[in-house]
Amino acid sequence: MLAKLQNLLHSHSVAEMPEAMKHRKNVILTVTIVSTVIFDILSFSIKGAQTALALGLNWFAVGFMILYFLRQTLRSSVQTYLDKEKADFNSDSDAYITASISEISNKVRGKVFHTKNDYSLIMTNAEVIFSMKEFIGYIWVFWQNFPVAIANSIMAFVMAIAILVSEFIQTGNTKLTIVFSLILFACIALFGLLFKLRLHVRKNFRDNHRILRKENDVLMNDVKNIEPLIEREFLYRVKLLIKNLQSKRGLEKNEIFKLNGLQVLRSLVLGLFMILIIIIKLKFAGGIDNLNIAILTDIIAVSTVYSNILDKVASILTDFETITNTLRDAERVKPDVDNIMSVFEFENGIKFAENEQIETINVEPFEFSYPGTMSVYKLRNTNSFELIPGKSYLVHGHTGCGKSTFMHLLIGKIRMALSPISYGNKCEKAYLASIMHESNGRLGANPVLQEIIFSNDVSSFNRSRMIEILHGTHIYEDIMRNLGLTIDNDEKVLEYLNSTTIEQYSSGQKQRLAIVKVLYNLSSIHQIVVFDEATNALDDSTAISVLKFMSDYCQKDMKRIVLFVSHQVELTKEITDGNITFLSRKAYDADGKETILPGAFDIVTEL
């Protein structure tokens, strides 16, 4: 069990806190534990006042009473300080975790698979980020709660021993002390039983709530982002969302009812324990007729300490509930995290040809299929071929034949154990530094100009480069028409780009702005450029003009391999130097009858 816990907590270095944050965490833990010890000692204040009165030390008795009533004020002051420190710690931890997982998620994007219902599926970037953030967060929460739970457990034990010893010294009655001990530990055992029931209730709730929460995120995203075909489609999506919300609220209501029931039982146990203490104390004093201020003070003092002990036990159980849930959740996401980190470590070992002059790219014969027993897809290349820097190539074939898969293999977004890609005079195995326009690529919600230059500081970007690309993609002319301009005005055009978001543009303009983003961010390290369905939303005349500009611009400062994945075959052939075609694989039966093999495709080249 301990080895399993060690493996979980120290499985990945990315979950280790940096020294600066570890120091801040230790300060918070130290203040928390020391203040807890002090306040626990102060819970004996009334008992101390009682002892001081018995010894005739009236001023000490008053001092103890003042300390008891100032305890909550002191606790609030310390808690205010801790809340501030925790807020700063959480802010720094969010920044650190986000920075750490951003590098990982970017490197493993589209390369991590996990199995669901016998299907091997690619983890989306959002799933990668969510899993990594959850895992690191769970490990950090454990280290923040575990020391406090241990310290509280030790203090509860010390307080229980202290009050029992105090009772024995005061009364000299061994039997009474044993009775109090048995009642106290019986009460703690009942608290433990109720804690176990609470864990069961919370586990079922958390499992079901997680499912409903994920479903809610998907449904809410559909309502916000999918443009309904007709009103009935919108109402259908809203109905699904409402049903999910009702299920979620019903689940929460049921959990609150059960937890409140357990809380009532715990309060009842505490109340019965206190009543039992009073009855025993009165019986020991000779009955209610002998009740006096000294006995009443003794009952209040003892009850206060026992109440604090049981409150501490309840707090300890809550801490261990948090720890148990944290470890369970960390264990749940660990397989995905193991997979992500395995891919990340593999990616770090991949060699990229960034600063070498490449004469040819050699693609050797290979077969590729996605992992998973349910997939029949298989892409095959039976002949070696070369791609030459300075040339452009058309990649075409019907939908689903593997064009994007091949592009991802070529630029390293998908890896094979034995890479079919080699380069240079020595034909070393590696991948080219590349930049790729995805068919579903789009800009974010910030102003368009900021989305293109990846900065909200628009005072220092390359203006001449931007203007050239805007002209070449005809975005410049579109903005001039929108502004009613007849003469070029760079300032107005750029100001317009910096004050509008992508949603204010047509589908063709959105597509061309995605091209602008690729071309503007093209640098000397990029030796291969891929455009996946970059102009399919444009009319023929605009498409051919933009395609020609894209091809020429990519070769402007250095020789690059440029690949156009397109269904606009005849148009794209006009600006490319060769074709890479994807064809369905054929087979022949004993009678020579031709059949198409489902999910199987071959690559044919005309270079």
NZ or CZ of Arg24 within 45° of Phe89 ring axis and under 6.0 Å: no
If every non-hydrogen atom of Ala330 is compared with every non-hydrogen atom of Tyr138, which pair is closest and at what distance? N-CD1, 3.5 Å
Answer yes when Lys22 and Glu19 have at least one side-chain N-carboxylate O distance shorter than 4.0 Å, and no when they do not. yes
Specify whether Phe146 and Phe142 have parallel, tilted or perpendicular ring planes, treating 30° as the upper limit for parallel and 60° as the lower limit for perpendicular. parallel
Is a salt bridge present between Glu331 and Lys334, judged by a nitrogen-to-oxygen distance below 4.0 Å? no
What I'd like to find out is whether the side chain of Leu184 reaches to under 4.5 Å of the side chain of Ile188, using heavy atoms alone. yes
Where the side chain of Asn244 meets the backbone of Leu212, is there a donor-acceptor pair that is under 3.5 Å apart? yes
Salt bridge or not between Glu503 and Lys510? Use side-chain N to carboxylate O under 4.0 Å. yes
Quick check against the 3.5 Å criterion: does Ser315 have a side-chain atom that pairs as donor or acceptor with the backbone of Asp311? no
For Thr36 versus Thr32, what's the shortest heavy-atom pair and its separation? OG1-O, 2.6 Å
Begin from the C-alpha positions of Phe320 and Leu317 and carry the test side chain to side chain contact (heavy atoms under 4.5 Å, CB included) through to its verdict. CA-CA 5 Å; Phe320 277 106; Leu317 293 175; 5.7 Å; no
State, to 0.1 Å, how close Pro147 and Ile33 come at their nearest heavy-atom pair, and which atoms those are. O-CD1, 4.1 Å
Within a reach of under 6.0 Å around CZ of Phe60, are more than 12 heavy atoms found that belong to other residues, nucleotides or ligands? no
How long is the span from the CD1 atom in Ile211 to the CG atom in Leu251, to the nearest 0.5 Å? 10.0 Å
Determine whether Leu190 and Cys187 satisfy the following criterion, side chain to side chain contact (heavy atoms under 4.5 Å, CB included), listing intermediate values before the conclusion. CA-CA 5 Å; Leu190 287 173; Cys187 189; 5.7 Å; no
Donor-acceptor check, side chain of Gln144 to backbone of Trp140, threshold 3.5 angstrom: yes or no? yes
Taking Asn339 for the side chain and Pro335 for the main chain, is one N or O donor matched with an acceptor at less than 3.5 Å? no
Take atom OH in Tyr236; do more than 12 heavy atoms of anything else shown fall under 6.0 Å from it? no
Between Val108 and Ile340, what is the shortest heavy-atom contact and its length? CG1-O, 3.8 Å
Any side-chain heavy atom of Asn462 within less than 4.5 Å of one from Tyr520? yes
Ile163 versus Met159: any side-chain heavy-atom pair under 4.5 Å? no
For Asn208 and Asn204, indicate whether the former's side chain and the latter's backbone hold a donor-acceptor pair under 3.5 Å. yes
Using the side chain to side chain contact (heavy atoms under 4.5 Å, CB included) rule, take Val14 and Ile136 through it: C-alpha gap first, then chi angles, then the decisive distance, then the call. CA-CA 8 Å; Val14 70; Ile136 297 173; 4.0 Å; yes
Basic-acidic side-chain contact under 4.0 Å: Asp217, Arg213: no
Do any N or O atoms from the side chain of Tyr81 and from the backbone of Ser76 form a donor-acceptor pair under 3.5 angstrom? no
Let's go through Met341 and Ile104 carefully: what are the C-alpha distance in whole Å and the side-chain angles of both, what is the deciding distance for side chain to side chain contact (heavy atoms under 4.5 Å, CB included) to 0.1 Å, and is it a yes or a no? CA-CA 8 Å; Met341 293 309 297; Ile104 294 169; 3.9 Å; yes
Kindly give the heavy-atom pair with the smallest separation between Asp457 and Ile453, and that separation in Å. O-CD1, 3.8 Å
Can a donor-acceptor pair be found, under 3.5 Å and without considering hydrogens, that links the side chain of Ser342 to the backbone of Asp338? no
Side chains of Lys258 and Asn254: does their closest heavy-atom pair fall under 4.5 Å? yes
Output yes when a side-chain donor or acceptor of Asn325 lies under 3.5 Å from a complementary backbone atom of Glu321, and no otherwise. yes
For the CD atom on Glu103, are there more than 12 heavy atoms of other groups (residues, nucleotides or ligands in this structure) within a distance under 6.0 Å? no
Polar side-chain atom of Ser91 near backbone of Asp88 as donor-acceptor pair, under 3.5 Å: no
Which heavy atom in Ile28 sits nearest to a heavy atom in Leu82, and how many Å separate them? O-CD2, 3.8 Å
Counting distance only, does the side-chain N/O of Asn106 pair as donor-acceptor with the main-chain N or O of Ser102 below 3.5 Å? no
